[in-house]
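Order of the sequence lines fixes the chain letters, A, B, ..., with proteins taken first and strands second; residue numbering starts at 1 for each chain.
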Amino acid sequence: MEIKGDNYAVWFDNANETVNFTGSLRLGGMEEYAPILKLMSSAANETSNSLIVNLQHLEFLNSSGISMLSKFVIEMRKQKSEGLKIVGSNLIPWQGKSLKNLQRLMPNLILVLQ
Amino acid sequence: MKKKGVFQPAIALMNRLRYVQKFSLISFIFFLPIGLLMYLLLTEVQSRSDFTEKEIFGNAYLRPLRKIWTDVPNLKLASQNCTDVKSFQINQAKNSQLESQIDRNFQELQAIDDKYGRFLKTAERLQATQQIWAEIKTIRTQQGACDLEKQNKIYNRLIEQVQSLRSHVGDTSNLILDPDLDTYYLMDATLLKLPAIQSTIFDTKLIIHKAAKTQNLSLSQRGDIIALLGNIRDTKEELKRNMETAFQNNPQQNLRLKLIQPVNKFTEEIDKITAQADLLLDTKFTPELNYSLLQLEQITQQTVGLWETLIQEQDLLLQNRINGFVSRQINMSIFVILILIIVAYLYIGFYLGVRQTVLKLSDASKQMVEGNITERVELENRDELADVVKSFNNVAAALVVANKEITQLYQKLEVENVRMSAELEVTSRLQEMILPKEKELSEIPGLDIAGYMKPADEVGGDYYDVLHHNGRVKFGIGDVTGHGLESGVLMIMVQTAVRTLQEINETDPKRFLDIINRTIYRNVQRMQSDKNLTLSLLDYEHGKLRITGQHEEMIIVRQNGQVERFDTIDLGFPIGLESDITDFIGYVDVELEVGDFFVLYTDGITEAENMQGEQYGIEKLIEVLQANSRRSAHQIRHAVVQDVRQFIGEQKVFDDMTLVIIKQKSEAKTLVGVNTDN
């Protein structure tokens, strides 16, 4: 599964059970983020243990995007069977603040900031 | 498919040629064999015409020849008396006349030979004939004893030579090859039979002439005459039969009418003479020899007469034949030329018709391109191009329909656009109306406040407010996800909710934000919206500032230029995202001295991008704040806005920008508020 845009790419690495993000995401609203949300949801369904979301190379994510991630985490929380791990980077400004919120949404979310 | 492959080269070639070239090519290839055939036909007819023309030349040659053939034997006969000096002298004048006549005949012959000699290849033989005649003339001038035997030999040679010349002319002039039966048998009469008869008659005359001297016919003489007469009769019979064949095979069937009488008359006269052969069988019978000579002379003239008649008819028929050939050539040529003209005419018509259609289509499509969709293209064309025209018309008709649809849709869109613009304009005005006014801000005692908000679209999603109530000032700053109409509406809802809670004097920060969150959350659920917002609230009273709620870092710049940053991550949670956020709500207290100022902003400022994709960043913001820390709130605000604008440059603005500068300007500890409520 792969979604590509002008400045970004999102793809599911089946072997490593990781959804990877690269580039800069500035989509306008939830409708535009729907395909990515769908990719993440179906990736979660395919993994037996925890899904890993790798945001280390996502330079920028606008508020709608963070909102989309929040929705995803809430969804994951509701499906108690799934585990979730999010890997981010300390060097990227927006990640420090927003990713912490995600952990609050789902207490057993594993957050790694490298 | 195989069939199409066979024609591929032809198709390829034809497609590369324009119509004129196509026509020319096909016409050229097609008319090559036709041209060849016409050429062969015309030359064939021409050669037949030339063939016949030569026959006419031959006949022309035979005419003087025939005169010589008549006169020379007469001279020979006359010169049999050369031994008889007396009678010779009596006949001298007559013989000289005859000689001159023969001379004239030869001149005539020479003239004809000059004209046609090269066609008939008679030069040599004529010369030989003339030489012999010259010899005879020389002998005749010699007086004295004549050598009759020698003379006769020379005359015989001349007669033979003339015969040979005639025979040669018959060959070279194609007369003996004449292809039509009527003219062929006429030729047979004039070239062969009649001269033969004439010759045989002369031989008979010679014998009788000799016998007339002694008035006695010897047995051998009798026998010779009978044989000669028999010969004449046979020849005459053949001639008669041949003439009959000629009459029967004359296509115009008028030859019989013209010639039957002279031929019959002639054969009758011959019969009269040859009948005498039977009489001669009786040895006791001797005819009147002088009378016989006369009779023979007569029949000779009649032979000549018939000859002239026949050759005239022959010439007529030959000329008719040539005329026939010429008219055939002309007719064929006219026919072919007519056909060519008709073909050319049709070709041109075809080409013009096609060009007309092409031009009309070209025209119509040009008009379509320019936007004037025309009516149907009408043409009288009924061929394959008519199918093209039909297709074209179908396309045009479809375009007309599509164009109508497009125009309608466009109009709808325009209406929609106008409506939406109006909606946005209304909401934008509402937003503007909701923001704190400059006058309000200036009335807040002890604080120098400057606010700035610039939406990225017509309606933004940023929120800020300054609410003065009961000696307390509540500052709010927030950022709804996204921007546009829905975000703007949410922002207005938040403003109202905050104002409401302030009015009922809700002071507990946890409760405050919890209620706000639940209110917004349930509205958002009802609206089925995906939006949520960050929200920080700052309560100011008597120089004390309590900060609560999650938003950007809050910045305080102290009077001495020192900067303090307050992370609000642990002070709250996004509003409208979760139903219960009480666990996450916290607060922080800060004291403000005179000259200190704090800055509220949204990430539209810190995350503003330039053309290189770099972000403005909080550090840069702090730099500008520090640089301008001694100035008024408005001046500081202005400086930051300028700096950010400059940084962005030509790059697109992605997010709403909000900036509020609040400076402690005087001792606010004694706050006798302007507000009436307490």
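- At most 12 non-hydrogen atoms from other residues, nucleotides or ligands lie less than 6.0 angstrom from NZ of A/Lys85.
- A/Met68 has its side chain out of reach of B/Asp530: every pair of non-hydrogen atoms, C-beta onward, lies at least 4.5 Å apart.
- Across every non-hydrogen atom of A/Ser63 and B/Thr481, the tightest pair is OG-CA, 3.4 Å.
- A salt bridge does not link A/Arg26 to B/Glu607: none of the charged side-chain nitrogens sits closer than 4.0 Å to a carboxylate oxygen.
- For A/Gln114, the CD atom is densely surrounded, since the number of other residues' heavy atoms within 6.0 Å is greater than 12.
- A/Asn62 does not touch chain B: none of its heavy atoms, backbone or side chain, sits under 4.5 Å away.
- If you measure heavy-atom distances from B/Asp570 to chain A, the contacts under 4.5 Å come from both the backbone and the side chain.
- Side-chain atoms of A/Leu105 and B/Phe573, non-hydrogen and from C-beta on, do get closer than 4.5 Å to each other.
- The shortest side-chain heavy-atom distance between A/Ile74 and B/Leu577 falls under the 4.5 Å cut-off.
- Residue B/Glu553: no heavy atom, backbone or side chain, is found under 4.5 Å from chain A.
- Atom OH of B/Tyr587 has 12 or fewer neighbouring heavy atoms from other residues, nucleotides or ligands inside a 6.0 Å radius.
- At most 12 non-hydrogen atoms from other residues, nucleotides or ligands lie less than 6.0 angstrom from CE of B/Met420.
- The environment of B/Arg419 atom CZ is dense: over 12 non-hydrogen atoms of other residues, nucleotides or ligands sit within 6.0 angstrom.
- Listed options A/Glu59, A/Glu31, A/Arg104 were ranked by heavy-atom pairs under 4.5 angstrom with chain B; first place goes to A/Arg104.
- To the nearest 0.5 Å, atom NZ of residue B/Lys531 and atom OG of residue A/Ser64 are 5.5 Å apart.
- A 6.0 Å sphere centred on CG of A/Asp6 holds no more than 12 heavy atoms belonging to other residues, nucleotides or ligands.
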